Structures are given as structure tokens and as C-alpha cells.
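All values reported here derive from a predicted model rather than from experimental measurement. Numbered from 1 within each chain, the chains take letters A, B, ... in sequence-line order.
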Amino acid sequence: MTSEEMPKAYDPRETEPRWYELWEREGLFRASDAPDDDRPTYTIAIPPPNVTGSLHMGHACRTTFEDVLIRHKRMQGRNTLWIPGTDHAGIATQVVVERQLKREGLSRHDLGREKFVERVWKWKEESGGTILRQLRKMGASCDWSRERFTMDPGLSRAVREVFVRLYEEGLIYRATRLINWCVDCRTALSDLEVESEENVEGELFDFAYPVAEGEGEGEVVVSTTRPETMLGDTAVAVHPDDERYTHLHGKFVQHPFLPRRIPVITDAELVDPEFGTGVVKVTPAHDPNDFATGKRHDLDEINILNLDGTLNAEAGPFQGMERFKARRAVKEALEAKGLARGSKKHLMTLPRCQRCNTIVEPIISTQWFVKMEPLAKPAIEVVERGEVQIIPEEWTKTYFHWMRNIQDWCISRQLWWGHPIPAWYCERHGHVNVGREAPTRCGECDETQFRQDEDVLDTWFSSALWPFSTLGWPEQTIDLSRFYPTDDMETGYDILFFWVARMIVMGLKFMGDVPFRRVLLAGLVTDERGEKMSKVKGNVVDPLDVIGGATIDELLAKAEKSGAQRSGLDYLEKTYPEGFAAYGADGLRMTLLSYSPQSRRIALSIKRIEGYRNFVNKLWNASRYALMNLDGAEARATGEPPAAPRELANRWILSRLGHALSAADQGLEDYRLDDASQALYHFVWGELCDWYLELSKPLLASDDEAVVRETRATLVHVLETTLRALHPMMPFITEEIWQRVPKHDASPKSIMVARWPEAEREGRADEEAERDMAVLQAAIGAARTIRAEHDLPRKKEIPLVLRAADGARAVLEREQAAIRFLVRASVEYDGNVDAEIPPRTAVSVAEGVTVLVPLAGLVDLDKERDRLERELKKVDKDLTGVEKKLGNASFVDRAPPEVVDKERARLESLRAEKTQLEAALAKL
RNA sequence: GGGCGGGUAGCUCAGCGGUAGAGCGUCGGUCUUACAAACCGAAUGUCGCAGGUUCGACCCCUGUCCCGCCCACCA
């Protein structure tokens with residue numbers, strides 16, 4: 001009933017959505033909150049993607065990883081919870097909706113704040129769920145009934161609660177400081193949101209400040225990379241010990257464009273007398289060093305910039321100019337006044353806005369900050385004590401370095417979309433009132449009228465609470481007590497500081513416990529050249545295209561629409577001329593799992609995806625074969641291997657199954673899903689398909705009913721167990737096949753909730769079978785080599801003579817049928833290992849077995865000579881190595897005896913091989 | 001300026017103290033009754049360079065050269 005319905009090639013497009021719907025409908029993803037459920041839990045909080053987002057390879061990679069962990073633990077019987085959700089993503093979302101408005105010819109200011117925010121909500125309801133739908137296509141088994149959004153009422157409440165408590169403890173404060181300002185986003189940014197572009201070719205421009213009238217003669221020459229900032233200069237500084245300028249101490253220079261005399265100050269901290277002229281212009285309002293200097297000397301802080309990056313009234317004649325225009329204008333004006341003193345090339349670092357790439361301006365502004373140092377301390381300690389384990393471990397150093405040098409966190413943003421800051425200012429005095437609700441009466445005066453702070457919080461502020469806010473905090477819910485702390489947090493290393501560190505901080509502060517036990521940091525997915533995927537470069541590989549397939553025209557059209565450059569489109573066309581086939585979610589998942597998590601870069605290759613798609617198909621066909629042979633038979637999968645199998649192939653595959661399961665377990669335990677998936681991949685393809693299924697053919701055709709029965713029982717057991725072991729990695733195809741496998745009546749309705757297989761239970765270690773099988777494989781391999789090298793057509797049966805010492809010979813005699821079938825040969829045995837080799841005979845040696853094929857004049861003797869010489873050369877090389885090793889007295893004395901014994905045994909077998917090969921060569 | 005990671009087969013990478021591995025690619029052969037998205041076979045490496053430790057080093061140590069990334073206020 002089953003195998004006939006299975007087409008030769010597996011098509012994931014039909015299968016995958018069908019099973020996902022069933023799983024979801026049956027509620028199999030749901031974690032239990034039943035009060036009497038005392039199973040151990042396992043929890044992962046998803047790194048919430050931006051609501052604006054759509055699935056990219058980074059998400060696909062993490063989703064796969066997390067889903068494997070969750071499915072594995074679920075099969076082990078844990079009460080598993082994978083909390084899904086999205087992040088409101090402040091700027092990103094606001095920009096999307098603003099862009100939409102622009103198409104209607106409107107700006108957010110036309111709507112006003114309230115209407116605008118309403119509009120964003122509307123947009124969020126309509127199109128915000130895209131990415132979560134896409135996660136389903138990957139097979140993500142999230143508990144959708146617990147989906148959260150960082151601006152849900154519950155989570156917003158958590159945000160206010162945290163803000164208020166931190167404020168009350170003095171850990172949140174409002175201050176006027178030099179902050180990073182993005183003139184394009186028109187908001188303050190935290191230090192982390194500023195990316196520095198290194199080694200930019202810039203210009204160091206020199207100009208002179210004339211000494212002010214009545215202060216003496218001459219001038220001082222200063223250098224700057226930002227000439228326009230001189231409009232905000234309120235001092236020039238020299239080193240106190242620099243004798244060149246002693247005469248100017250306490251004097252003034254004259255600002256060339258503004259009615260301002262500027263003091264000459266001495267400052268040993270700011271000024272390096274060796275650098276340039278040894279004079280530094282000081283702009284406290286627009287440079288961090290100068291700001292600090294200004295504080296030390298109580299200098300005026302003159303802000304010259306408007307929030308949009310144009311110059312304000314302080315700039316005098318330059319007022320209203322855009323900042324870079326002003327830069328040129330100031331230089332020209334200095335030229336005109338004869339004050340320019342030349343310029344030179346200068347390599348510098350440019351601060352840019354992480355989001356829009358605009359050059360960031362340091363400006364003085366009043367913002368809200370979190371005092372980080374006291375909060376960071378316990379967060380450092382839990383990692384030191386291993387209560388939170390960071391994997392791969394080398395990231396702990398990075399974590400410590402950042403946490404130990406932590407700066408206060410600027411959390412206010414001048415946006416409209418986000419969590420409003422729960423601070424109100426009384427109308428009369430502007431007294432600050434922070435609270436969970438709007439105040440009715442000022443805490444410091446009697447005022448009852450307030451205006452709320454207009455800023456919103458950094459989007460990472462609410463993300464930092466994610467592991468407990470999603471579970472209902474500050475309410476004491478069952479979920480919170482049951483699922484916090486979560487177990488594993490898997491995310492990209494690029495947000496180690498943005499997110500991971502802050503979750504640890506907030507978790508410890510408000511839950512008194514770590515938010516998760518392990519942090520798994522994944523690398524960045526790049527294109528096959530190792531270049532970062534970007535829309536402009538046109539090298540973005542969309543997981544959905546990989547899953548469902550896309551023609552090159554579709555890919556090109558999409559890339560072009562999202563703004564790819566010509567070169568990007570060319571690359572795309574050249575690299576994927578055929579587009580993508582529908583590789584399916586299972587194939588993609590398996591591919592993503594195969595990359596080492598140690599690596600910082602995952603250079604995704606379509607060829608590799610194709611390889612794993614082929615693996616999926618291989619599994620399909622292997623199952624097809626198995627099911628064909630089980631059709632109508634009484635064999636059922638029971639979860640137990642057949643008792644006392646006698647056939648070598650059956651014993652061997654059960655033993656190998658055990659090994660594969662152990663290796664998979666080990667990989668999962670170590671979070672080396674690459675090892676786990678490789679172990680199963682090689683078991684399925686290299687052992688199950690390449691050897692066992694082939695060997696099962698003669699067994700299933702046997703006249704001996706007992707042999708057939710035993711083989712069917714083994715086949716169904718190995719297949720069913722393998723499917724369960726592969727299920728976390730390839731959920732769809734394993735379900736599709738598993739449903740067709742004959743099982744006993746009590747088996748669960750889905751493989752998702754079937755029992756995770758264990759090496760000791762489902763496998764059956766059998767060293768003898770493994771040894772015997774190695775002999776058989778060697779003999780078959782050697783015979784095949786001869787066949788291939790001599791172009792002996794497959795149809796022609798060849799006469800084989802197998803020579804081996806007693807033990808090995810007995811194995812080969814017992815397995816005669818297998819050899820006949822796999823090599824298509826007649827077989828004779830010869831126990832006399834040292835006997836003469838007949839003339840004109842092809843010889844190959846391996847594992848103590850000598851395979852002889854009389855060539856009977858049919859074949860090219862030169863070819864055989866070449867081959868033998870090649871084999872001999874290899875043996876000789878190995879032999880030289882072993883002889884040298886054993887000839888070394890220190891090795892024999894000092895190496896562990898088992899190593900020496902192993903080498904001796906090897907020496908023996910290599911010598912025997914050499915003798916055989918030489919004899920063969922001589923007889924040719 | 002500090003820190004981290006990497007340099008292994010043509011390509012992408014795994015391995016990490018006891019005989020150099022995988023996938024893809026290459027070459028030769030096969031429509032063998034699960035699979036041509038397959039099968040069988042073959043070739044391919046002074047494991048960046050130089051020292052050192054060790055009976056033994058791709059693996060550990062030191063130095064060095066390249067290539068990435070992160071952090072940092074040098075005008």
C-alpha cells in the first residue's frame with residue numbers, strides 16, 4: 001500500500017506545508033502549563049526578528065539550530081517551550097512607514113505623532129507577521145500560542161516597571177552630555193550604534209589663530225579634520241611644558257569670523273607637544289576629548305549645529321549651511337583671510353550611523369542614561385563562574401573586555417515609534433516625575449498639569465527584558481516560574497553587546513537569576529565568496545527561494561527591485577545561471593547544520609545545498625526500497641532491535657547504528673550540530689545505503705525464511721530509528737516516511753513526539769561483526785578496483801580467488817553470496833597465503849586479504865603493471881615510515897605499549913602486502 | 001594602539017599529539033531489479049614560514065609574514 005505511492009524523486013514542495021499544518025493543528029508545538037506537569041523543561045526564547053523584517057539566511061540558520069535543539073529535547077520527553085515573537089525595532093520600523101507615507105506625498109509631521117503611531121500599528125497588524133509565517137516554512141516548532149511582540153501591553157508594562165525601578169535606584173538618570181547624533185535619523189544613538197569606518201583618506205587642515213589685540217604679536221597654528229568646528233572653538237590648548245608657547249599662557253587669540261576672544265589654556269592631558277604644531281583647538285560641544293577638556297577648564301560649550309546637520313546662529317556668517325558645505329566655506333574663508341596654513345593627507349576613522357550610514361556628529365544634548373557599571377558587575381561574575389556559558393568559549397574574552405570597560409547607556413531616542421519614556425514634567429517648574437502611570441500631582445510642587453517626555457526608549461531596552469517579559473513578568477505566572485531561566489540562547493555574535501550582555505544584566509537585576517544557561521554564538525552567513533550579503537551587491541540568497549525554487553529571471557528581477565547594482569546582477573547571473581531548484585526546507589536545514597559553529601563566517605554555497613538536497617532524496621529512495629521489501633510482510637518497527645540476529649550484515653548495521661546514534665548524541669551534547677548531522681549523514685549514505693541495503697538484497701532473496709524474517713526486522717528497525725534520529729534536523733521528510741513505516745499499534749501519531757533513539761537501546765554493539773565486515777569490505781573493494789582498472793564490463797562475471805589467513809578466510813567463505821552479488825564474480829578460496837602467484841594475474845591486497853583475478857590473456861598487462869607499481873609504491877612509503885618509527889629505540893621504549901604493538905602489527909601486514917605485490921609483479 | 005580569529009587537496013572547510021579527512025569539482029567506467037539528484041573506481045596535499053618542546057607535531061610553545069573581524073577620544 002505504501003511504496004507504490006512513492007515517486008522516484010522526492011518533492012518537498014508538496015510534503016512540507018502539509019505536515020506543518022498538521023503539527024500546528026494538533027497542538028504539538030505547545031508547551032504544557034498544566035499545574036501537574038512535572039516533566040523537566042527546556043526553553044529557548046527566539047531572538048525576536050524585526051517586525052519589518054523578512055527571513056534571511058541568518059534567521060534561517062538560527063531557526064534551524066534552535067529547532068533542532070527543541071525537537072531533540074521534545075523527543076526526549078521534556079516539556080519544551082520555544083517562545084516566538086517580534087521586535088518593534090524603533091528606527092527600522094519608523095523608517096519603513098515614513099517611506100510609505102512619502103509615496104503618498106506625506107511626512108510623519110503632516111500626520112502628527114498620534115496619528116503616525118496609529119499608522120505604524122496598522123501597518124504592523126497588516127504586514128508585521130511576514131517573518132513569523134516564513135519561520136513556519138523552515139519548520140520552526142515554536143509555540144505560537146505564546147507569541148509576543150515587544151510592544152504588547154504586557155511587555156510594555158514590564159518596560160515601565162524596569163524603568164521606574166532603575167530610576168528609583170538612581171541607575172537611570174537624565175543628563176546633558178556629549179552624545180552621538182545622527183542628523184539623518186535625527187536621534188541620539190548609543191555608542192554601540194555608531195560604527196567606525198577605518199582608514200578613510202581624510203585631510204588634516206592647518207590654520208592660524210592670530211593673537212588677539214593687546215595680547216601680543218603673532219599667531220598659533222592648529223590642525224583639524226573638521227574645519228567647520230572652529231566656529232565652536234572656545235579655547236586653544238598647549239602643553240604646559242612646551243616652551244614654544246610659554247609666552248602665550250593666559251593670553252587670548254582672536255576668532256577670525258566671530259566676535260570672540262579665545263583663551264590659550266594649558267592642558268597636559270589633551271596636548272601631545274610632539275604632534276603637529278603642539279597646539280590644539282578646543283571645541284567642547286563637538287568632540288569627546290574637547291568636551292572633557294572643557295569640563296576641566298570650565299570652558300563655554302557652544303553648539304553650532306541644528307539637529308538636521310545645518311549650522312545654527314552660533315555659526316555667524318555660516319548659519320544655515322549644511323555641515324559639509326560649511327566645511328568648504330570655512331576653509332575658503334580662512335584662505336581669503338590669509339590664515340590657511342596648508343593641508344596634508346591624513347588617515348582617519350569616521351563614525352557612521354549603523355542604520356543609515358550617515359556620518360555621526362557628537363553634540364551636546366540632554367538624554368536618559370543607564371548607569372551600567374554596578375549592573376555589569378554581577379553580569380561579569382555569572383560568566384566567570386560559568387553560570388552562563390558562552391559557546392564558542394573564546395567570546396567570553398570579548399564579553400569581559402566590553403563589560404569591564406562599560407560606558408553608560410544612552411537609552412532615549414528622538415523617535416515616535418517605541419516605548420514612551422515614563423517621565424512627566426510638571427508644567428510650572430518642569431519637575432521630573434517618573435512613574436508607572438501618568439502622575440496626577442507633582443512630587444515636588446502642587447502642579448497637576450504635565451507633559452510627558454517626548455522621547456522613546458532604545459529598542460534594545462525592551463529586548464533586554466525578553467527572556468522574562470515574554471513569560472509574563474512582572475506578574476508571577478506559572479510560565480515564569482516554570483520556564484525561567486531559559487536554557488539556550490542562540491544568536492549572532494554581532495549582537496553580543498547589544499542584546500546578550502544586556503539580557504544578562506536585566507535578568508540578574510530583576511529575576512535574580514541568569515536569563516539563560518548557555519549562549520550559542522553563530523557566525524555570519526555570507527555569500528559563497530565570503531562577502532557579506534547585501535541588497536546592493538545583489539548577493540542576497542533568500543531562504544524561501546532556496547526552499548521553493550526560483551528561476552534566474554525571478555532572482556534577477558527581485559535583486560533589481562531591491563536595488564542591486566549592475567555588478568551585483570552580473571554576479572548573480574554568473575553564479576546561478578540556472579537559478580535554484582526547490583531544494584526544500586530539509587535540504588537547507590541540513591546544509592546550515594553542516595557548517596562548523598566555530599567559524600565566524602558561513603560562506604553559504606548553493607552547491608552544498610544541492611548536495612544535501614541529494615541526501616534528502618537518497619533517504620527517500622532508501623526508504624522506498626525498504627518499504628517495498630516490507631510491503632505485505634509482518635515486520636513492524638517496535639523501537640527494539642531484533643533479538644540475536646545471525647547474519648553478518650544485520651549484526652553489522654545494528655552495531656553501526658549504535659555508533660551513529662552515540663556520535664549524534666555527543667554532537668548534540670556539545671552543541672556541535674555539524675558533527676551530529678555528519679554522523680547521521682555518513683551512516684545513512686556511506687553505511688546504510690552503500691553497504692547494508694546492497695547486502696540485504698541477497699538476504700531478502702534467500703530461501704531461508706528465518707534469514708528473510710531477520711533481515712526484514714532489521715531493515716524496519718534501522719529505518720525507523722534512523723528517521724527518528726534525523727527528525728530534529730529534517731523534520732518534514734522524516735515525518736513523511738515515518739508515517740508509512742509499518743509500526744506497532746501504540747506508536748504516537750507523529751514522529752515529532754516519538755521517543756528519541758538511544759545508542760544502547762536501539763543499537764547493538766558488535767565488535768566481531770565490525771571486524772568481519774571490514775574484511776569483507778576490503779575484499780570487495782579490492783575486487784572492484786581490479787574490475788574498474790581493467791575495464792572488465794559489469795555484465796561479465798569474473799573469477800575471483802581470495803587468499804586470506806584462517807579467520808579472515810572463514811568470514812569470506814561465509815559471505816560468499818554477498819561477494820558474488822556485489823562484485824558479480826565466482827569465488828574460490830585459497831588459504832595458502834604464501835603460495836606462488838600464477839602468471840598473468842591481477843592482484844590487489846587489503847586488510848590481510850589478497851584478491852586474485854586471472855586475467856586469461858584478455859587484458860592489458862601494462863595497465864596491470866602500472867597499477868601494481870602504484871600500489872607497491874604506496875605500500876613502500878608506508879612501510880618506510882613504520883620501519884623508521886620502530887627502528888627508533890626511544891619510540892619503542894617510551895611510547896605507550898599499545899601504540900608500539902599497533903605499529904608492529906602494521907609492519908607485519910605491510911610486509912606481507914609488499915611480498916604479495918612483488919610476487920605478482922614478477923609473475924606478470 | 002589593544003584584542004580576537006584564520007592561513008590544511010583546484011574550491012569551501014572539518015580535524016588537532018600517534019598511518020592527512022569531507023562536500024563540491026576533476027578523470028575513467030556503469031541505465032546493476034531504491035535512487036543518473038545515482039552507482040563503481042581513481043588521482044590530488046613539504047597542513048603559511050622559521051625555530052623550539054616531545055620517542056613522535058598539521059595539532060603544544062616562541063617568533064614571523066599575510067588575510068579578516070572587533071574594541072579604542074589622538075587634534
For residues 883-905 of chain A, which side-chain N or O atoms pair as donor and acceptor with protein atoms under 3.5 Å away, sequence neighbours left out?
from: A/Asn888; atom 1: OD1; to: A/Ser890; atom 2: N; distance (Å): 3.0
from: A/Asn888; atom 1: OD1; to: A/Ser890; atom 2: OG; distance (Å): 3.4

Distance-only check: which donor-acceptor pairs under 3.5 Å involve side-chain atoms of residues 278-286 of chain A, not counting sequence neighbours?
from: A/Lys281; atom 1: NZ; to: A/Thr229; atom 2: OG1; distance (Å): 2.7
from: A/Lys281; atom 1: NZ; to: A/Asp233; atom 2: OD1; distance (Å): 3.0
from: A/Lys281; atom 1: NZ; to: A/Thr283; atom 2: OG1; distance (Å): 3.0
from: A/Thr283; atom 1: OG1; to: A/Asp233; atom 2: OD1; distance (Å): 2.6
from: A/His286; atom 1: ND1; to: A/Pro362; atom 2: O; distance (Å): 3.0
from: A/His286; atom 1: NE2; to: A/Asn303; atom 2: OD1; distance (Å): 3.1
from: A/His286; atom 1: NE2; to: A/Ile304; atom 2: N; distance (Å): 3.0

Listing, residues 493-501 of chain A side-chain donor-acceptor contacts under 3.5 Å, not counting sequence neighbours, or none:
from: A/Trp499; atom 1: NE1; to: A/Ser463; atom 2: O; distance (Å): 2.8

Contact string for nucleotides 38-48 of chain B, one letter per nucleotide 5' to 3', B = base within protein heavy-atom range under 4.0 Å, S = sugar-phosphate only, - = neither, reads SSSSS------
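Comparing B/C31, B/C24, B/A34 by their closest approach to the side chain of A/Lys607 singles out B/C24. Taking only side-chain atoms of A/Ala9, from C-beta outward, the nucleotide of B/U19, B/A37, B/C35 with the closest atom is B/A37. You'll find that the side chain of A/Leu693 is closest to B/A34, out of B/G23, B/A34, B/C73. Distance from the side chain of A/Asn888 is smallest to B/C55 among B/C74, B/G18, B/C55. Taking every side-chain heavy atom of A/Pro896 into account, B/G18 is the closest of B/G18, B/A36, B/C55. Taking only side-chain atoms of A/Ala895, from C-beta outward, the nucleotide of B/A34, B/G18, B/G68 with the closest atom is B/G18. For A/Gln678, counting side-chain heavy atoms from C-beta on, the closest listed nucleotide (B/C71, B/A22, B/U19) is B/A22.
Note on A/Lys397: every side-chain N or O is 4.0 Å or more away from OP1 and OP2 of B/G3. The phosphate of B/A34 has OP1 or OP2 within less than 4.0 Å of a side-chain N or O from A/Lys697.
Atom NZ of A/Lys877 and atom C1' of B/A20 are 9 Å apart (whole Å). If you measure from atom CD1 of A/Ile606 to atom C1' of B/G23, you get 15 Å, rounded to the nearest angstrom. Rounded to an integer number of Å, the gap from CZ of A/Phe497 to C1' of B/C70 is 7 Å. The interatomic distance linking A/Leu347 (CG) with B/C74 (C1') rounds to 14 Å, in whole Å. Rounded to whole angstrom, the span from the CG atom of A/Asp267 across to the P atom of B/C74 amounts to 17 Å. Rounded to whole Å, atom P of B/A34 lies 16 Å from atom CG of A/Leu619. Distance CZ (A/Phe891) to P (B/A57): 12 Å, rounded to an integer number of Å. Spacing between atom CG of A/Asn180 and atom P of B/C71 amounts to 13 Å, rounded to whole angstrom units.
When both pairing distances are held under 3.5 Å, B/G68 makes a Watson-Crick or G-U pair with B/C4. Remark: B/G23 base-pairs with B/C11; criterion is Watson-Crick or G-U wobble with both hydrogen-bond distances under 3.5 Å. The partner of B/G18, taking Watson-Crick or G-U wobble pairs whose two distances both stay under 3.5 Å, is B/C55. When both pairing distances are held under 3.5 Å, B/A38 makes a Watson-Crick or G-U pair with B/U30.
Taking the C1' atom of each, B/A34 and B/C27 are spaced 28 Å apart, rounded to whole Å. Taking atom C1' in both B/U8 and B/A22, one finds a spacing of 13 Å when rounded to whole Å. Going from the C1' atom of B/A57 to that of B/U19 covers 15 Å, rounded to whole Å. A gap of 32 Å separates the P atoms of B/C61 and B/C74, to the nearest Å. To the nearest whole angstrom, the two P atoms, one in B/G45 and one in B/G51, are 23 Å apart. Of the P atoms belonging to B/A38 and B/C24, the separation is 8 Å, rounded to the nearest Å. Using C1' as the reference atom, B/G48 and B/A42 are 30 Å apart when rounded to the nearest Å. Nucleotides B/A72 and B/C60 are separated by 32 Å at their C1' atoms, to the nearest Å.
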Would A/Arg867 and A/Glu871 count as a salt bridge (charged side-chain N to carboxylate O under 4.0 Å, His left out) if you check the C-alpha gap in whole Å, the side-chain angles of each, and the deciding distance to 0.1 Å? CA-CA 6 Å; A/Arg867 215 199 82 241; A/Glu871 265 191 58; 3.1 Å; yes
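Judged by closest nucleotide on RNA chain B, A/Arg600 is the one of A/Thr349 and A/Arg600 placed further toward the 5' end.
Using a 4.0 Å heavy-atom distance criterion, A/Pro793 is classed as making no nucleic acid contact. Contact annotation for A/Glu903: backbone-only contact, meaning every heavy-atom pair under 4.0 Å involves sugar-phosphate atoms and none involves a base. Using a 4.0 Å heavy-atom criterion, one finds that A/Asp893 contacts no nucleic acid atom at all. Among the protein residues, A/Tyr10 comes within range of the nucleic acid bases, having at least one heavy atom under 4.0 Å from a base atom. As judged by a 4.0 angstrom heavy-atom cut-off over every strand, A/Leu524 is placed among residues making no nucleic acid contact. Residue contacts shown for A/Glu694 include a base, since a base heavy atom lies under 4.0 Å away.
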Report each atom pair, protein N/O against N/O of nucleotides 12-17 of chain B, whose distance is under 3.5 angstrom.
from: B/C13; atom 1: OP1; to: A/Arg601; atom 2: NH2; distance (Å): 2.8
from: B/C13; atom 1: OP2; to: A/Arg601; atom 2: NH2; distance (Å): 3.2
from: B/G15; atom 1: OP1; to: A/Arg672; atom 2: NH1; distance (Å): 3.3
from: B/G15; atom 1: OP1; to: A/Arg672; atom 2: NH2; distance (Å): 3.3

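A distance of 9.0 Å separates CZ of A/Arg601 from CG of A/Asp527, quoted to the nearest 0.5 Å. How far CG of A/Asp675 is from CZ of A/Arg672: 4.5 Å, rounded to the nearest 0.5 Å.
Using modelled atom types, one side-chain atom of A/Thr396 and one backbone atom of A/Glu393 make a donor-acceptor pair closer than 3.5 Å. At distances below 3.5 Å, not a single donor-acceptor pair connects side-chain atoms of A/Asp206 with backbone N or O atoms of A/Ser343. Looking only at distances, a side-chain donor or acceptor of A/Tyr595 sits under 3.5 Å from a matching main-chain atom of A/Ala603. Under a 3.5 Å cut-off, the side chain of A/Arg787 and the backbone N or O of A/Val823 do form a donor-acceptor pair.
Each of A/Asn614, A/Val541, A/Leu604 was checked for a side-chain contact (heavy atoms from CB on, under 4.5 Å) with A/Ile609, and the lone residue meeting it is A/Leu604.
A/Tyr681 has its ring centre less than 6.0 Å from the ring centre of A/Tyr612.
Evaluation of the side-chain hydrogen bond (donor to acceptor under 3.5 Å, both in side chains) rule for A/Asp670 yields A/Gln666 as partners, not counting sequence neighbours.
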